[in-house]
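All values below were derived from every heavy atom in this structure, side-chain atoms included, with hydrogens, water molecules and symmetry-related copies excluded. Chain identifiers are assigned alphabetically (A, B, ...) following the order of the sequence lines, protein sequences preceding nucleic acid strands; residue numbering begins at 1 within each chain.
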Number of protein chains: 2
Amino acid sequence: MAAEQLGWIDARKLGQLRRPAGSVLITEGGTDERLYTLLSGWAFRFKSLPDGRRQILNILLPGDTMGVQAELLSASPHGAEALTDVDLCAFRRDTLLVLSREHPELSFDLIWLAALGEKLTDDVLLSVGRRNATERVAMLLVHLYRRAVSAGLKQDDSVPFPLTQMHLADALGLSHVHVNRVLQGLRKGGLVRLSEGRLGIGDLRALRRVADYWDQPPPRRPLL
Amino acid sequence: MAAEQLGWIDARKLGQLRRPAGSVLITEGGTDERLYTLLSGWAFRFKSLPDGRRQILNILLPGDTMGVQAELLSASPHGAEALTDVDLCAFRRDTLLVLSREHPELSFDLIWLAALGEKLTDDVLLSVGRRNATERVAMLLVHLYRRAVSAGLKQDDSVPFPLTQMHLADALGLSHVHVNRVLQGLRKGGLVRLSEGRLGIGDLRALRRVADYWDQPPPRRPLL
DNA sequence: CGGGCATTTGAGCAAGATCAAAATGGGTGG
DNA sequence: CCACCCATTTTGATCTTGCTCAAATGCCCG
């Protein structure tokens, strides 16, 4: 990216924030939310029902942005919360609009980014709608492991893993008790190591087989 | 939208197609997919697992676009199929890229559109992950009824409804047998009328209460 | 009339939820 | 260093929702 573009983006930056683990980054339904980039730490987006049931939509790692929907729609359709201490880069509310005007050459990247975001939640929807509990857990662990590795977080064959079993449950549409049992099964099978806030994969191939998760799958449905 | 913009868009149009109900509009995993706008009829986007389980991601009504992800990512991460006979407007593969360059003033609308699309699947994810069967069915029926009405499809207090119970099941992460039973319950309660390809709502308020679904109508969309 | 779908019904079953309680394990303040 | 607190994980028991399997019914269309 050219220096000029970086300079422009920098000018739109409202500031850099640090927030402790567990803090609310975006309030669900809030109308005055900003656009953020996650610089360090983990966070997640979620929606909830009036009676408290909650669905985690997405886990956010460094480099991810949040608040695009909040900026474009009138109220934020989801909330976001920090899983660890996080560093955020905050932008002005109208950044997207102004950027699309003043730096059209970047707006294509934003469209691309938005499409990628939708692909991600499409994938999750497939899991939650059609995979069983073991498949879902395996799937999510492989997915997060992969992303954490490519975010450069791997150390000693494992990556940090700040999610509680409750978070896993809310992300997968399961009860936390059941998540616990599934996890024990995977551990016993030597497929994963998950303790003290770190995740290691014992047998990636087997885990992917469990999850039915292959990245370039040519899944073709038999001719009905 | 200015005449110049419309003219430009028109120039990118490859042609207008008619496809019969049940035909494949986008093949899952396909690499040579186009960008389409649905002019008339109903369709849906879906993903499937190697063993044939299928998740419907989204129902498409006239005015909706499909293939954005297919155009931006290297292979289409989802398929799309026609529910009724459809008319499509097809665009060149690189339309988005070129548009963002030549008509930057429109690219913001695309970002906006993409954000709306993600909000939609986020909503579905909440349903599938955290609502029970009755709530899910009620929710989806209200949602589709609303959209069909605002697409001007209402006649005689009901809207066309081309989905089979199998489609509902695949959209909601349920078995079609169970969908059938839930539907009977809603009918018995006088909440919905659903037969012969048409859907009517008996008691909207009650249905929304069942679905725990309170959400103001989606904002007006730009472009097309 | 007959073949293919879609819908419906019934029976049995199982995955996963719920409820309750015990064990673990830091973190904090005394 | 210890005692205590609170969140998280684990275990056990029971129950329910929704699935599976199977078959019947109805329906559209050639």
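- For the pair A/D170 CG and C/dA17 C1', the computed distance is 14 Å after rounding to whole Å.
- When heavy atoms are screened at a 4.0 angstrom cut-off, B/G173 is found touching the sugar-phosphate backbone but no base atom.
- The terminal axes of the helix from C/dC1-D/dG30 to C/dG30-D/dC1, fitted over 5 pairs per end, subtend an angle of 40° to the nearest 10°.
- Residue A/Q165 contributes atom CD, which lies 13 Å from atom P of C/dG25 at whole-angstrom precision.
- Closest heavy-atom contact between B/A115 and A/L72: CB-CD1, 3.5 Å.
- The side chain of B/R187 lies closest to C/dT8 when the candidates are C/dG16, C/dA17, C/dT8.
- Following rounding to the nearest Å, A/H176 (NE2) and C/dC19 (C1') show an atom-to-atom distance of 11 Å.
- By the 4.5 Å heavy-atom criterion applied to side chains, A/V124 and A/L57 are not counted as neighbours.
- Here the C1' atom of nucleotide C/dA17 and the CZ atom of A/R53 are 13 Å apart, to the nearest Å.
- With rounding to whole Å, A/E135 atom CD is found 14 Å from C/dG16 atom C1'.
- Residues B/H143 and B/L120 are in side-chain contact: their nearest non-hydrogen atoms beyond the backbone lie under 4.5 Å apart.
- Look at NE2 on A/H178: it is 11 Å from C1' on C/dA14, rounded to the nearest Å.
- Of the possible polar contacts, one joining the B/K47 side chain to the B/P77 backbone as a donor-acceptor pair under 3.5 Å is found.
- Here C/dC5 presents its P atom at 13 Å from NE2 of B/H167, a figure rounded to the nearest Å.
- For the pair A/E196 and A/N132, both in contact range of DNA chain C, the more 5′-proximal nearest nucleotide belongs to A/N132.
- For the pair B/R130 (side chain) and A/R54 (backbone), a donor-acceptor distance under 3.5 Å is present.
- Between the side chains of B/S23 and B/R19, no donor N or O sits under 3.5 Å from an acceptor N or O.
- Residue-level contact check: B/T164 touches the backbone only, with heavy atoms under 4.0 Å from sugar-phosphate atoms and none from bases.
- For A/V177, counting side-chain heavy atoms from C-beta on, the closest listed nucleotide (C/dT7, C/dC19, C/dT9) is C/dC19.
- Using a 3.5 Å distance cut-off with no hydrogens or angles, the side chains of A/S127 and A/R136 do not pair a donor with an acceptor.
- B/L174 comes within contact range of the sugar-phosphate backbone alone, with a heavy-atom separation under 4.0 Å but no base atom that close.
- Between B/R131 atom CZ and C/dA17 atom P there is a gap of 17 Å when expressed in whole angstrom units.
- Between B/R181 and A/Q184, it is A/Q184 whose nearest contact on DNA chain D lies nearer the 5' terminus.
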Would you mind writing out the side-chain donor-acceptor pairs for residues 79-86 of chain A within the sub-3.5 Å range, not counting sequence neighbours?
{"unit_1": "A/T84", "atom_1": "OG1", "unit_2": "A/W42", "atom_2": "N", "d": "2.9"}
{"unit_1": "A/D85", "atom_1": "OD1", "unit_2": "A/A21", "atom_2": "N", "d": "2.8"}

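- Scanning DNA chain D 5' to 3' for nucleotides with an atom closer than 4.0 angstrom to a non-hydrogen atom of chain B gives a first and last hit of D/dG18 to D/dC21.
- Distances shorter than 4.0 Å separate none of the side-chain N or O atoms of B/N180 from OP1 or OP2 on C/dT7.
- The aromatic ring centroids of A/F46 and A/H78 lie 6.0 Å or more from each other.
- Residues B/S48 and B/E28 bring a donor and an acceptor atom of their side chains to less than 3.5 Å of each other.
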